[in-house]
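Quick notes on the structure that follows.
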Amino acid sequence: MFDKALKFSLEKIKKNTVEFSDGFLSDESSGYIYKKNTECTSWTEGFWPGMLWLAYEITNDGVFKNTAKGLDKILQKRIFSRQAIDTHDLGFLYTLSCVAEYKICGDKDARRAAIEAADRLVLRFHEKGQFIQAWGRLDEKENYRLIIDCLMNLPLLFWASEETGDMKYADIAKRHFYTAIDCVVREDYTTHHTFYFDSETGEKVKGVTRQGYSDNSCWARGQAWGIYGIALAYKYLRDDKLLELYNHITDCFIERLPEDYVPYWDMVFTSGGEPRDTSAAAIAACGIMEMNKYFENKKYMEFALKMMQSLEDNYLTDESSNGILTDGMYSKPDGSEPECNVWGDYFFLEALIRLIKPDWKMYW
Ligand code: GLY
């Protein structure tokens with residue numbers, strides 16, 4: 001099962017080790033071609049080394065390991081030189097690069113950089129609002145908000161507590177998590193993308209979208225971050241009350257899937273000609289497979305497999321592209337077009353490794 005997708009993905013990644021050994025894949029492709037990103041100032045630079053670590057674990061081919069190690073060094077430099085770190089995305093950046101390297105190779109420099117990233121991330125926690133601020137400087141009122149994506153940044157903190165024995169990281173992750181699910185999940189279990197608080201009082205203000213269709217709609221990737229984020233929080237918190245929430249959020253996602261099981265970019269659309277977001281399908285599939293370890297659910301697993309099958313059958317790129325999945329949607333309100341998204345390619349490969357190696361130990 002999924003042999004074609006796996007072989008195809010590994011071949012693309014292997015080819016890319018030549019051009020992208022000293023730089024990262026751009027956030028998204030342009031005309032289905034990734035460009036080389038040598039700046040290392042975005043939120044996405046963890047995904048390319050993450051893909052390389054996955055490829056290394058699947059094949060044992062040292063080219064993947066050596067390329068990933070070189071790129072992780074660039075990320076190590078970034079955190080210690082404090083370059084472009086005013087962001088909650090330190091979890092995405094360092095979990096899939098340095099934490100992965102430490103877990104696989106035991107590299108001490110990689111561990112040091114990942115702990116440093118966790119130290120910087122806890123500084124973004126607001127006591128008043130009880131949340132980790134997503135973007136920008138901490139004194140900017142217009143940035144006094146959290147975003148659902150941040151659920152994926154919390155495993156870095158849980159890991160840092162496990163590694164150091166210092167519970168401050170896990171405590172902040174836990175407090176942010178409960179604030180986030182309280183704010184972003186609506187009564188019907190669709191989700192807000194971002195949520196504002198009053199910077200004077202810390203009181204809840206309102207949910208607002210940034211990359212979705214409207215403030216009242218349900219951005220597909222946000223809902224997928226919710227599915228996977230809750231599954232990951234369950235791994236660390238073992239709070240059985242989360243199961244009901246997870247079930248509702250997952251039901252909401254699968255009920256809004258169109259015929260080919262790959263969501264439109266916003267779940268306000270369930271049919272018609274709007275663009276899809278393949279990355280949301282890959283993220284949701286990983287989340288469902290993670291939660292299935294703790295609470296088996298045949299129906300959800302069937303949907304995860306159907307999403308993966310559709311991605312393999314309908315959404316692999318052709319020869320001319322250096323990416324893996326077509327029809328990722330970065331940000332429709334910002335004018336993005338369907339393209340390869342570096343995180344979509346990462347989560348597709350992560351879902352594949354989960355299927356072929358059920359005992360795979362995740363980096364999150
Ligand atoms: N975390 C940013 C995004 O999902 O586009």
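Computed from heavy atoms alone, side chains included, the values below leave out hydrogens, waters and symmetry copies. Counting starts at 1 for both ligands and their atoms, following the listed order. One is the number of the first residue; the rest follow in order along the sequence.
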### Query
Under the 6.0 Å and 45° cation-pi test, does Lys306 pair with Phe303?
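Pair Lys306/Phe303 counts as cation-pi.
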
Distance under 6.0 Å and angle within 45° of the ring axis: does Arg276 meet both against Tyr264?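 Relative to the ring axis of Tyr264, which defines the angle, Arg276 lies inside both limits.
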
Out of all atoms in ligand 1, which are within 4.0 Å of some heavy atom of [X]? Include the element for each.
X	value
Arg221	3 (C), 4 (O), 5 (O)
Trp225	4 (O)
Asp149	1 (N), 2 (C), 3 (C), 4 (O)
Gln211	3 (C), 5 (O)

Polar contact flag for Tyr330 and ligand 1 (N/O pairs, less than 3.5 Å):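 In this structure, Tyr330 places no N or O atom under 3.5 Å from an N or O of ligand 1.
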
Is there a nitrogen or oxygen of Trp343 sitting under 3.5 Å from a nitrogen or oxygen of ligand 1?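 No - when backbone and side-chain N and O of Trp343 are compared with those of ligand 1, no distance drops under 3.5 Å.
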
Does a salt bridge link [X] with [Y], judged by any charged N lying under 4.0 Å from a carboxylate O?
X	Y	result
Arg78	Glu45	yes
Asp149	Arg221	no
Asp27	Lys35	no

Short version for Trp135: what comes under 4.0 Å of ligand 1, heavy atoms counted, is neither

Query raised in the report: Should the pair Tyr144 and His126 be assigned to parallel (<30°), tilted (30 to 60°) or perpendicular (>60°) ring geometry?
Result: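 Geometry flag for His126 against Tyr144: tilted rings.
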
